[in-house]
Visitor: 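To start, I am sharing the structure in question, which I have written as structure tokens.
In what follows, every heavy atom counts, from backbone to side chain, and hydrogens, waters and symmetry copies are set aside. Just so we're on the same page: letters track the sequence lines, and every chain starts at 1.
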2 protein chains.
Amino acid sequence: MEDLLYLRVAGHYRRAIRSGVLAPGERLPSVRALMRLHQVSLSTALQACRSLEDEGLLEARPRSGYFVLKPRRVALQAVSEPEPGAAAMAPDPAPYSGIHDRVSDFVAKCERYPVVTNLALAFGAPEAYPQEALKNAALRALRRHPEVLVSPVPPQGDPGFRAVLARRAMAAGMSPTADEILVTHGCTEAINLALRAVAQPGDVIAVESPTYFGLLQVIESLGLRTLEIPTSPSRGMSVEALELAFQTHARIKAVVVVPNFQNPLGCVMPDAEKARLVALCEGHQVALVEDDIYGALSDDDLPLKSCKAWDRSGNVIHCGSLHKTLAPGMRVGWMIGGRWQARIRMLKHAQSRPNDALAQIAIAEFMGSSAYDRHLVRLRRQLKAQRERTAEAIAAHFPAGTRLNMPTGGMLLWVEMPGRRSSSEVFNTALQEGIRVAPGMMFSNAGRFDHCLRISCGAPFSERIETALTRLAQIVAAGLD
Amino acid sequence: MEDLLYLRVAGHYRRAIRSGVLAPGERLPSVRALMRLHQVSLSTALQACRSLEDEGLLEARPRSGYFVLKPRRVALQAVSEPEPGAAAMAPDPAPYSGIHDRVSDFVAKCERYPVVTNLALAFGAPEAYPQEALKNAALRALRRHPEVLVSPVPPQGDPGFRAVLARRAMAAGMSPTADEILVTHGCTEAINLALRAVAQPGDVIAVESPTYFGLLQVIESLGLRTLEIPTSPSRGMSVEALELAFQTHARIKAVVVVPNFQNPLGCVMPDAEKARLVALCEGHQVALVEDDIYGALSDDDLPLKSCKAWDRSGNVIHCGSLHKTLAPGMRVGWMIGGRWQARIRMLKHAQSRPNDALAQIAIAEFMGSSAYDRHLVRLRRQLKAQRERTAEAIAAHFPAGTRLNMPTGGMLLWVEMPGRRSSSEVFNTALQEGIRVAPGMMFSNAGRFDHCLRISCGAPFSERIETALTRLAQIVAAGLD
Ligand SMILES: Cc1ncc(COP(=O)(O)O)c(C=O)c1O
Ligand SMILES: Cc1ncc(COP(=O)(O)O)c(C=O)c1O
């Protein structure tokens, strides 16, 4: 982690450029000045400038230094905020959400047509992940610890891996001990255990609206009910609306949020909102379950804070995994159970026993080294570039009135189609031409997002993707009259 | 699997000896006769004789051939059958079983004292499993398929692995297609999914009495209730008692059985009983969940039949894993969901997503080859020897009136202490001296087995174990007056 000083310097100026403190055309302090100001070496200062140049924020002018570039603007309006009255409407929890049927239908349809361009996957392309390094770490783990294949599995997960996770959690403002971390089969199992620990069938779980359909499936499969809370595409779940919901619904037993680069909106809750949310849930003694699976994928290389950072009483259950950041093919996640730790341990044992050790040992080696930081830096740059190219293509080809979010990290774009164009129709037509997107109706039980599409930018931008987006735009336009 | 012909020949004579058709002192057909009778080569015939000799069933007399030996008898009575009236008593389901508390208490106590001799583990010692071969298979899998670490996981599990499992299932009388098999995180996850698929919180699950405490934990953690069905230590669950229970309890939604080498009794249901059980459950449209985790560990090398072999309507859910037979450190299990297949797939996806591929690819290579058969033959011999030595030590040292089961496979002995000696007391005292056993009260909610102990024979018999058993016997005797 020591050779990442340049990221701090770059982050400093990136924020200045984004906020307008450094305007387009202005000159960055000279490399010598940077060295003095930030107490860094020449090579670090240069690396910082080059990395901002790579991102398209600066341009180098020979002999004059680095200058701030005009940001490439995507000429689309931001996604609409929830209706002003929405927060006050106190919607009813969905007793049967029907999300399974919708997802099964989605899957069945997907199986029917060969996919040429998949814009529906919420993780990076295989090439975006360090396959070789992971393989080598796994080979070493196997050679050094073949006994783990035939020995009992360690109770809460491999202790070395949990120690690395505890250290890494500090960057997001948390300070768990290794012992407070429980290793799970992905974030999905963590959320299952969290909800099983705090709620009984029939209870209500408050979620963002729209939200990740996988979460709706977990809730439905556990016999729980979903209450969708209006969520701003720029600031995340409305804490006011949640407060109102607490006053009107007795059976809310947990709130689940994806505080950073929410799926599908891509929004990040401002720190002040995270703090308010934590305080509100604590005040009402309602468990706050956070799924912080994207928090490390910020364009800005400083990792975002988890809600758990503000937790003083153990009321926040934190869940994460490697699925987006490191290894889509290894089912490894984790959770910090807070005041439900003992019950969660028991449930994990009864549900699937502790995870096997081998993968954890391999990942601990990689995540314990600076290779992981370097990988993340590369991945963030790549996702940023792919997101921008995709957004530009959407802006160029989609019909007038299309709205688009512009997340500052992650891999998801959320598109609002004009004229309330039906996402199911667009999905069906596109699918038959080999283009797969995630239709908005999968992200809510309320049907309020049927004119939206989630478009993933996990794969390297290519002509094939450009063509697919152009065709998708035509399909959208064709249905408008 | 081709070089295991000798096992068939050996099995033929083992059964003849066990059933008394070949009496002690009688002479086996000559090697030449065996070759002719079974159409096998000289070396196969010899190998069959030697393997029976190794088991202590035959002795070779120079120039005269092989003769049947008198079986070593363990001079203890068999474990008591359930009271004759038990079946008619129609016990009430336990609304709250309290098993979690008991298991937590057990675990907490175990953590307090260092263990010197662990007789509480229901799997073999690490040395009993093919660590090197598994390591090499995993190394090859990694080198050939590093892409699986960073690619999406295959929906129901690795197709190659499921094909091997389908082929192996035939030996137990089943004939699933690879597509009907779902890979899970151990048998534990399979049972969870099965019960979640067929029952709702509050429903009743009929189980053997006594039964594996892990099963009682699953049931309790899902908010289900347990109904314990009288179970014969020689023939397994009483089908009559179950039939009565069906008549008196409306909410029985599933029956869970461990048909082969039941934990803790070690008993095997006769095929006719399995067939009756399958028919009874089908007739009442109550799901039959079978946990056949020990079926491949029969002294007699022919694998035992699973209940699923008699299933004609998809009413049997079959669950298994590698935990006992191949790799205690790899969390890989599987299930055949029968008529609940679609719902089980959905629940697996919502609970933990499909398993990662790497371990499955490695295991598929090993299980697809005859190395797996050879490993099983070795493991069975070893477990048999360990079981016999342990049983002899118990017979030699435990106080008069002790009763003991004598399973024909697996690794578990079930001991009934005289004078209704309390297993909790024995457990507590032994624990403080570094000896760990599983007390009978963990295997039932009814308190009917508090004078029993489960003693595992998973580890190679040694002087240390002999000493521990001697000391255990003294502890048992000390409490009798
Ligand atoms: C917000 C969110 N949570 C959880 C998951 C799944 O996590 P895992 O694969 O670690 O179970 C996803 C993946 O799509 C996601 O977007
Ligand atoms: C009857 C029985 N079922 C299931 C298990 C656990 O299976 P797994 O480790 O595959 O989850 C055990 C292990 O103790 C067992 O004895």
Visitor: So, the side chain of Glu220(B) versus the backbone of Ile99(B): is there a donor-acceptor pair under 3.5 Å, distance only?
Guide: yes
Visitor: Any chance the side chains of Lys348(B) and Asn355(B) put a donor and an acceptor closer than 3.5 Å?
Guide: yes
Visitor: Could you check which of Pro328(A), Gly333(A), Cys187(A) has the highest count of heavy-atom pairs closer than 4.5 Å to chain B?
Guide: Pro328(A)
Visitor: Is it the side chain or the backbone of Pro354(A) that comes within 4.5 Å of chain B heavy atoms, both, or neither?
Guide: backbone
Visitor: At a heavy-atom distance under 4.5 Å, which candidate from Glu127(A), Arg345(A), His185(A), Lys135(A) has the highest pair count against chain B?
Guide: His185(A)
Visitor: Under 3.5 Å, is there a donor-acceptor pair linking the side chains of Arg454(A) and Asn263(A)?
Guide: yes
Visitor: Just so I understand: if I count every heavy-atom pair under 4.5 Å between each of Ala190(A), Ala327(A), Ser151(A) and chain B, which residue has the most?
Guide: Ser151(A)
Visitor: Identify which part of His349(A) has an atom lying under 4.5 Å from any heavy atom of chain B, answering side chain, backbone, both or neither.
Guide: both
Visitor: Taking Leu142(B), Val218(B), Leu322(B) one by one, which has the highest count of heavy-atom pairs under 4.5 Å against chain A?
Guide: Leu142(B)
Visitor: Does CZ in Arg144(B) sit with more than 12 non-hydrogen atoms of other residues, nucleotides or ligands closer than 6.0 Å?
Guide: no
Visitor: Relative to chain A, which of Ile219(B), Leu222(B), Leu215(B) shows the most heavy atom pairs under 4.5 Å?
Guide: Leu222(B)
Visitor: Without swapping roles, check the side chain of His375(B) against the backbone of Thr325(B) for a donor-acceptor pair under 3.5 Å.
Guide: yes
Visitor: Do Asn445(A) and Arg225(A) pair up side chain to side chain, a donor and an acceptor below 3.5 Å, judged on atom types alone?
Guide: no
Visitor: Counting only non-hydrogen atoms closer than 4.5 Å, does Leu347(A) touch chain B with its backbone (N, CA, C, O), its side chain (CB onward), both, or neither?
Guide: side chain
Visitor: Counting only non-hydrogen atoms closer than 4.5 Å, does Met346(B) touch chain A with its backbone (N, CA, C, O), its side chain (CB onward), both, or neither?
Guide: side chain
Visitor: Does any N or O in the side chain of Tyr129(B) come within less than 3.5 Å of the main-chain N or O of Gly124(B), such that one atom is a donor and the other an acceptor?
Guide: yes
Visitor: Salt bridge check, Asp203(A) against Arg251(A): does any charged N sit closer than 4.0 Å to a carboxylate O?
Guide: yes
Visitor: Quick check for you: among Leu139(A), Leu326(A), Leu149(A), Asn192(A), which has the greatest number of heavy-atom pairs under 4.5 Å with chain B?
Guide: Leu149(A)
Visitor: Name the option with the most non-hydrogen atom pairs under 4.5 Å to chain B; the candidates are Gln351(A), Glu189(A), Glu132(A).
Guide: Gln351(A)
Visitor: What part of Leu193(B) gets closer than 4.5 Å to chain A, counting heavy atoms only: side chain, backbone, both or neither?
Guide: neither
Visitor: Quick one: sort the Phe213(B) and Phe443(B) rings into parallel, tilted or perpendicular, breaks at 30° and 60°.
Guide: perpendicular
Visitor: Tell me, for Pro201(A) versus chain B, whether the close heavy atoms (under 4.5 Å) come from the side chain, the backbone, both or neither.
Guide: side chain
Visitor: Can you check salt bridge (Lys or Arg N to Asp or Glu O under 4.0 Å) on Arg112(B) and Asp105(B), steps first, answer last?
Guide: CA-CA 11 Å; Arg112(B) 216 170 305 145; Asp105(B) 187 54; 5.7 Å; no
Visitor: Which bit of Arg196(A) comes within less than 4.5 Å of chain B, counting heavy atoms only: side chain, backbone, both or neither?
Guide: side chain
Visitor: Just so I understand: if I count every heavy-atom pair under 4.5 Å between each of Val107(A), Val153(A), Leu358(A) and chain B, which residue has the most?
Guide: Val153(A)
